[in-house]
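Proteins get letters first, then strands, A, B, ... in listed order; numbering begins at 1 in each.
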Amino acid sequence: MPEGHSIHRLAAAFDELLAGQRIDVSSPQGRFADGARVLNGRRYEGSEAYGKHLFQHFDDLVLHTHLGLYGSWTFDGDASFVAPHAIGAPRRRIGESEELAGEITPTDVWAPPEPRGQVRVRLATNHGIADLTGPNQCRVLSAPETLAVTSRLGPDPLRADADPERFITRARQLRRPIGELVMDQAVISGPGNIYRAEALFIAGIHPWRPGNRVSIARLRTLWDVLAEHMKNGVETGSIVTTSEGEQERFYVYQRAGLPCLVCTTPIVLEEMAARKLYRCPRCQR
DNA sequence: ACGATATGAGTAT
DNA sequence: TACTCCTATCGTT
């Protein structure tokens, strides 16, 4: 899935492609027919990403989506729609994986493609489309309802308004393992299973250590590591947490049984709160 | 044709 | 801790 960095990329992409325009909103699959009718023809005012939540403002109404484990947005359009992209090469898909958009010729006459698979929502202009499949949240909210959602989220390291002290204070109050707290969106919003594993490794923290037994200094380091790597994820569109020169993308994620890149001890795979947890038994204390 | 899996999270027990 | 939701993909029969 899309961790927080993907959602921030989406917000930027939508601002660039749709802001200020009237949008044709439909639900090819039909499961969002009512919402699509309400939003259809409204002006796109802007996007906001908060943790893994995306809020898209259509006049006074908000399309709130959450991609869950396997949701994704797929883009297609003519050169004016897809070509310029503030955050790197145009991507056809933002979700489980991103692919480079195919070759686009300015002279192409573009026509909207048939929806592929279960498209819950299609946002369309004359120049392009964005199709949403597999979200675990997709609904229309008022502004106050939007605030009610974000007010339950912990600070998002990718947001300028994030307060790391809120994360540190909360973590220090809880006895649950720090590995669980990093995945708890009420404690810190945006990180998912990959950033969890990798940041705890880089910060040298044992995932099962209770939050209230991780020092303030190490929690601050953990926040900084998360912020640094998630920002890199926003810029590049992919998660790579290893240092330059390293062949692997990850230190521990999906490396069960393989030698730790730092100390060669085999990486351990366990289960934590029904999710896979990877750690180095020697580097993380 | 199945079945397992996935970068998530709410609700029930 | 388990079940539920949502979908595509890849491996195995």
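The nearest whole Å value for the distance from the CE atom in Met183(A) to the P atom in dA9(B) is 7 Å. Rounded to an integer number of Å, the gap from CZ of Arg152(A) to P of dG10(B) is 9 Å. Atom CG of Asp184(A) and atom P of dA9(B) are 9 Å apart (whole Å). In this structure, CG of Leu69(A) is placed 9 Å from C1' of dA9(B), rounded to the nearest angstrom. Between Gln137(A) atom CD and dA9(B) atom P there is a gap of 11 Å when expressed in whole angstrom units. Remark: P of dA6(B) and CZ of Arg196(A) are 13 Å apart, rounded to the nearest angstrom. Here the C1' atom of nucleotide dG8(B) and the NZ atom of Lys52(A) are 6 Å apart, to the nearest Å. The distance from atom CD of Glu270(A) to atom P of dT1(C) is 13 Å, rounded to the nearest whole Å.
For dA9(B), one of the phosphate oxygens OP1 or OP2 lies less than 4.0 angstrom from a side-chain nitrogen or oxygen of Gln185(A). Under 4.0 angstrom from either OP1 or OP2 of dA9(B) there lies at least one side-chain N or O belonging to His66(A).
Counting non-hydrogen atoms under 4.0 angstrom, Tyr195(A) reaches nothing in the nucleic acid. Arg120(A) comes within 4.0 angstrom of sugar-phosphate atoms only, judged by non-hydrogen atoms across all strands, and of no base. Among the protein residues, Asn136(A) comes within range of the nucleic acid bases, having at least one heavy atom under 4.0 Å from a base atom. Residue Glu271(A) is out of contact with every strand shown, counting any heavy-atom pair closer than 4.0 Å.
dT5(B) and dT13(C) are spaced 14 Å apart, taking the P atom of each and rounding to whole Å. Taking the P atom of each, dT13(B) and dC5(C) are spaced 14 Å apart, rounded to whole Å.
Gln56(A) places no side-chain N or O within donor-acceptor distance of the main-chain N or O of Leu63(A), the cut-off being under 3.5 Å. Remark: the backbone N or O of Ile23(A) is not paired with any side-chain donor or acceptor of Thr125(A) at under 3.5 angstrom.
The aromatic rings of Tyr278(A) and Tyr253(A) sit perpendicular, their planes meeting at an angle over 60°, well past the 30° parallel limit.
In summary, Asp163(A) and Arg166(A) do not engage in a salt bridge, as defined by a charged side-chain N under 4.0 Å from a carboxylate O.
Ring centroids of Phe55(A) and Tyr50(A) are separated by 6.0 Å or more, keeping the two rings apart.
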